[in-house]
Amino acid sequence: MSSAIFIIGAITDEMRASLSPDFILHDVAQMDDVETWLAANGQTIKYVLTNGHDGIADDWVTNMPNLKLISNYGVGYDAINAQAARASDILVTHTPDVLNDEVATTAIMLMLACYRELRASDQHIRSGAWGAGEMLTLSRSADHRRVGIVGLGRIGLAIADKLTAFHANIAYHSRSEKDVPFTYYADLQEMAKDCEALIVITPGGDETKHLVSKDVIEALGPDGVLINVARGTVVDEGALVDALANGTLGAAGLDVFEQEPHVPAALLDMPNVVVTPHIGSATIETRRAMGQLTVNNIISHAKTGKVFSPVPECRDIADMA
Ligand code: NAP
């Protein structure tokens with residue numbers, strides 16, 4: 001008999017086509033009342049397919065007594081309680097590596113847009129100012145900057161790689177020092193003080209909440225550029241808005257926000273802020289690769305009991321494909 005998959009959030013047609021021959025798909029989006037549906041059908045669910053934004057509520061998991069695997073369509077899984085899942089022998093998988101280059105490109109794109117004031121330049125033409133012969137004020141170079149990467153993991157390293165094209169002097173902060181040719185700072189505020197730009201790319205969750213604090217933002221300073229492609233919670237958004245408003249921070253490029261899809265209105269009025277709607281990995285090519293890994297974890301588990309990419313919390317109970 002086909003196993004049932006409980007789908008939270010949107011998936012691509014390609015993912016649906018890969019799964020539908022062998023599984024029964026139940027979409028939360030089609031349910032009038034999820035709790036009622038789970039009370040009647042939760043015991044039929046063997047797999048959950050969700051994403052980094054929606055995750056899954058603990059009480060939904062409790063109502064799926066035969067759940068074996070939560071497959072996350074994304075690398076960040078802070079919206080899933082992976083420790084609780086592990087304690088119940090439920091595997092959690094995610095999509096590391098296949099999105100490193102794309103998210104790094106998004107970070108670099110935001111950094112370039114801040115330094116070269118892309119928004120003002122674009123607006124100069126659209127407003128007719130260029131045609132009317134008005135001068136655009138000069139922007140600043142993105143080359144040869146002292147850039148601090150907050151979180152030198154898979155994506156952080158891809159960002160460092162792309163930054164070398166801009167001759168950046170790279171520093172980094174993470175929990176542990178790495179064997180890399182960049183300057184390590186155990187103290188994030190010290191790094192911010194010594195850098196001109198910070199690029200934030202840690203996981204979200206309680207451990208990193210407001211890691212980029214008011215003090216870190218102020219240490220970056222009035223000419224400083226803050227790029228966040230991690231999770232909105234990693235930066236103290238209130239302090240960020242204040243610092244941009246009173247000039248204690250120079251500019252910000254933000255792909256993520258504390259209460260998505262809400263973006264503080266004050267940020268949208270600031271000419272020195274570039275915002276994107278959490279599109280770090282959102283290209284056709286990269287989402288295809290992420291989608292394949294997401295469904296392959298489920299298909300492989302159903303056929304062989306093995307998975308390709310368990311999260312660290314579940315590695316000890318995972319049979320690797
Ligand atoms: P990763 O390989 O696990 O790297 C995470 C890095 O963050 C590691 O260097 C780790 O340090 C560091 N870190 C973790 N907790 C920390 C803490 N409390 N203080 C300082 N550093 C800390 O993860 P990844 O694959 O690069 O992904 C990173 C994150 O990017 C994801 O979890 C997700 O939240 C975000 N992301 C965003 C988008 C987007 O669309 N904007 C897309 C993909 C991913 P150690 O190595 O010392 O442990």
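Counting starts at 1 for both ligands and their atoms, following the listed order. Just so you know, these numbers use all the heavy atoms, side chains as well, and skip hydrogens, waters and symmetry mates. What you see is a predicted model; the values in this text were computed from it and never measured. Starting from 1, each residue takes its place in the sequence as its number.
Salt bridge status for Asp27 with Arg16: present, with a side-chain N to carboxylate O gap under 4.0 Å. Arg86 has no carboxylate O lying under 4.0 Å from a charged side-chain N of Glu313, or vice versa, which leaves the two without a salt bridge. Salt-bridge check for Lys193 with Glu218: failed, with every basic side-chain N at 4.0 Å or more from each acidic carboxylate O.
Within a 6.0 Å radius of CE in Met320, other residues, nucleotides and ligands contribute more than 12 heavy atoms. No more than 12 heavy atoms of other residues, nucleotides or ligands shown are found within 6.0 angstrom of CD1 on Ile284. The environment of CD in Gln83 is sparse: at most 12 heavy-atom neighbours from other residues, nucleotides or ligands sit within 6.0 Å.
Here the protein heavy atom with the shortest distance to atom 44 (C) of ligand 1 is Val75 CG1, 3.3 Å. For atom 29 (C) of ligand 1, the nearest non-hydrogen atom of the protein is Thr202 O, 3.4 Å.
The nearest non-hydrogen atom to atom 22 (C) of ligand 1, considering only His94, Arg175, His173, comes from Arg175. Looking at Gly74, Ala186, Pro96, Ser176, it is Ser176 that brings a heavy atom closest to atom 47 (O) of ligand 1. Checking Ala230, Ser174, Ala79, Ala282 against atom 11 (O) of ligand 1, the nearest heavy atom belongs to Ser174. Closest heavy-atom approach to atom 3 (O) of ligand 1 within the set Glu102, His53, Arg154: this belongs to Arg154.
Cluster membership for Ile11 and Ile299, using ILVMFWY side-chain heavy atoms within less than 4.5 angstrom, is shared.
Remark: ligand 1 and Asp78 share no N or O pair separated by less than 3.5 Å (distance only, no angle test). Note: no N/O pair closer than 3.5 Å links Gly151 and ligand 1 by distance alone. Here's the thing with Ile155: one of its N/O atoms is less than 3.5 angstrom from an N/O atom of ligand 1. Below 3.5 Å of separation, one finds an N or O of Val229 facing an N or O of ligand 1. Polar contact with ligand 1: present for Gly153 (N/O pair, distance under 3.5 Å).
Close approach of ligand 1 to Lys178 is summarised as follows: ligand atoms under 4.0 Å from at least one heavy atom of the residue are 45 (P), 46 (O), 47 (O). Using a 4.0 Å cut-off to heavy atoms of Leu152, the atoms of ligand 1 that qualify are 9 (O). Set against the non-hydrogen atoms of Gly76, the atoms of ligand 1 under 4.0 Å away are 31 (C), 32 (O), 33 (C). Those atoms of ligand 1 with a heavy atom of His278 less than 4.0 angstrom away are 39 (C), 40 (O), 41 (N). Ligand 1 places these atoms under 4.0 Å from at least one heavy atom of Glu207: 18 (N). In the vicinity of Thr208, heavy-atom distances shorter than 4.0 Å reach the ligand 1 atoms 15 (N), 16 (C), 17 (C), 18 (N). Proximity to Ile201 (heavy-atom distance under 4.0 Å) selects the following atoms of ligand 1: 28 (C), 30 (O), 35 (C). The atoms of ligand 1 that sit less than 4.0 Å from any heavy atom of Val103 are 42 (C), 43 (C).
No hydrogens or angles considered: a donor-acceptor pair under 3.5 Å links the side chains of Glu260 and His278.
Taking 4.5 Å as the limit, every side-chain heavy atom of Val48 sits out of range of all side-chain heavy atoms of Leu69.
Residue contacts with ligand 1, taken as heavy atom pairs separated by less than 4.0 Å, involve Pro203 via backbone and side-chain atoms alike.
When all heavy atoms of Phe6 and Met31 are compared, the closest pair comes out as CE1-CE, 3.5 Å.
The main-chain N or O of Thr283 is never found under 3.5 Å from a side-chain atom of Thr286 such that the two would form a donor-acceptor pair.
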Inset, instruction - Show your working on salt bridge (Lys or Arg N to Asp or Glu O under 4.0 Å) between Asp194 and Arg146 and close with a plain yes or no. - result: CA-CA 8 Å; Asp194 289 349; Arg146 293 191 306 278; over 6 Å; no
